[in-house]
Amino acid sequence: MEDLDSAVVLGMAAQAPDGIVITDSEGLIRYWNRGAERIFGFPAADVTGRSLDVIIPERHRKRHQEGFDAAMERGYSKYGDADLLNVPALAADGRKLSIEFSVVLLSGPDGSSYCGAVVRDVTARRERERELMRRRAEASV
């Protein structure tokens, strides 16, 4: 894989249907791909340099910040390779989303720290699951 040009990898990341978001150690958005634009409705130009709070519901921001800061201080996330985090999120138009994401901590060439996430919108699936549970509950009455 050493012979694979980094432009190919960057091109894949840019066009991936899943959201790919990278923040710096302060939690400011440094990379936001086309998938993230589609999921959240924010163009990359509107969120680059802004806090992730733009997509985090207000009641979850403190908990997120505490976990983020702890991971950046430790240098690793407590969530492993197979862990998928499920959290609520906000779209640009104010809609509430359900997202799943994996997270990795990254080091820049100068030793700076970054946090990367691969994000998937699972709102429709969650709604179908809730509807199915509602129907089962009604049928058991």
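Under the side-chain hydrogen bond (donor to acceptor under 3.5 Å, both in side chains) criterion, E73 pairs with no residue at all, not counting sequence neighbours.
Atoms OG1 and CG, from T123 and D121 in turn, are 3.5 Å apart once rounded to the nearest 0.5 Å. With rounding to the nearest 0.5 angstrom, the OH atom of Y114 is 10.0 Å from the OG atom of S107. Separating the CE atom in M72 from the CZ atom in R74 is a distance of 11.0 Å, to the nearest 0.5 Å. Residue N86 holds its CG atom at 9.0 Å from CD1 of I99, rounded to the nearest 0.5 Å. The CZ atom of R135 sits 4.5 Å away from atom CD of E131, with the distance rounded to the nearest 0.5 Å. Annotation: the span from S51 atom OG to F68 atom CZ amounts to 9.0 Å, rounded to 0.5 Å.
A salt bridge (charged side-chain N to carboxylate O under 4.0 Å, His left out) check over residues 8-24, counting only residues at least two apart or in different chains, returns the pairs D18-R120, D24-R30. Counting only residues at least two apart or in different chains, ring-ring contact (aromatic ring centres under 6.0 Å, His included) contacts with residues 37-57 comprise W32-F40.
Taking each heavy atom of P43 and G41 in turn, the nearest pair found is CD-O, 3.7 Å. For the pair K78 and D83, the tightest heavy-atom approach, listed with the atom from each and the gap, is O-OD2, 4.3 Å. Smallest separation of non-hydrogen atoms from I29 and V47: CB-O, 3.6 Å. Between V103 and C115, the shortest heavy-atom distance links the atoms CG2-SG, 3.3 Å. Taking every heavy atom of both residues into account, R38 and P17 meet most closely at NH2-O, 2.7 Å.
Annotation for E129: atom CD counts as buried by contact number, over 12 foreign heavy atoms lying within 6.0 Å. At most 12 heavy atoms of other shown residues, nucleotides or ligands fall within 6.0 angstrom of atom CZ in R63.
No side-chain heavy atom of K96 sits under 4.5 Å from any side-chain heavy atom of P57. Looking at heavy atoms from C-beta onward, V104 lies in side-chain contact with L106 at the 4.5 angstrom threshold. Contact annotation: the side chain of F101 never approaches that of V118 to less than 4.5 Å [non-hydrogen atoms, C-beta and beyond]. Taking 4.5 Å as the limit, some side-chain heavy atom of R95 sits within range of a side-chain heavy atom of L97.
Residues M12 and I39 do not share a hydrophobic cluster, clusters being chains of Ile/Leu/Val/Met/Phe/Trp/Tyr side chains in contact below 4.5 Å. Cluster annotation: V54 and L90 are assigned to distinct hydrophobic clusters (Ile/Leu/Val/Met/Phe/Trp/Tyr, side-chain heavy-atom contacts under 4.5 Å, transitive).
Of the N and O atoms on the side chains of E37 and N33, not one donor lies less than 3.5 Å from an acceptor on the other residue.
The residues R125 and E100 are annotated as salt-bridged, a charged nitrogen and a carboxylate oxygen being separated by less than 4.0 angstrom.
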Original post:
Would Y79 and L85 count as a side chain to side chain contact (heavy atoms under 4.5 Å, CB included) if you check the C-alpha gap in whole Å, the side-chain angles of each, and the deciding distance to 0.1 Å?
Top reply: CA-CA 8 Å; Y79 301 102; L85 302 169; 3.2 Å; yes
**OP:** Before giving the answer on side chain to side chain contact (heavy atoms under 4.5 Å, CB included), spell out for L4 and V9 the whole-Å C-alpha distance, their side-chain angles and the decisive distance to 0.1 Å.
**Re:** CA-CA 8 Å; L4 182 62; V9 177; 3.7 Å; yes
Subject >> Stepwise salt bridge (Lys or Arg N to Asp or Glu O under 4.0 Å) test for E127 and R134 >> reply: CA-CA 10 Å; E127 289 172 1; R134 185 189 64 75; over 6 Å; no
Original post:
Going through the distances and angles, do R61 and Q65 end up as a side chain to side chain contact (heavy atoms under 4.5 Å, CB included)?
Top reply: CA-CA 6 Å; R61 289 177 187 164; Q65 192 63 52; over 6 Å; no
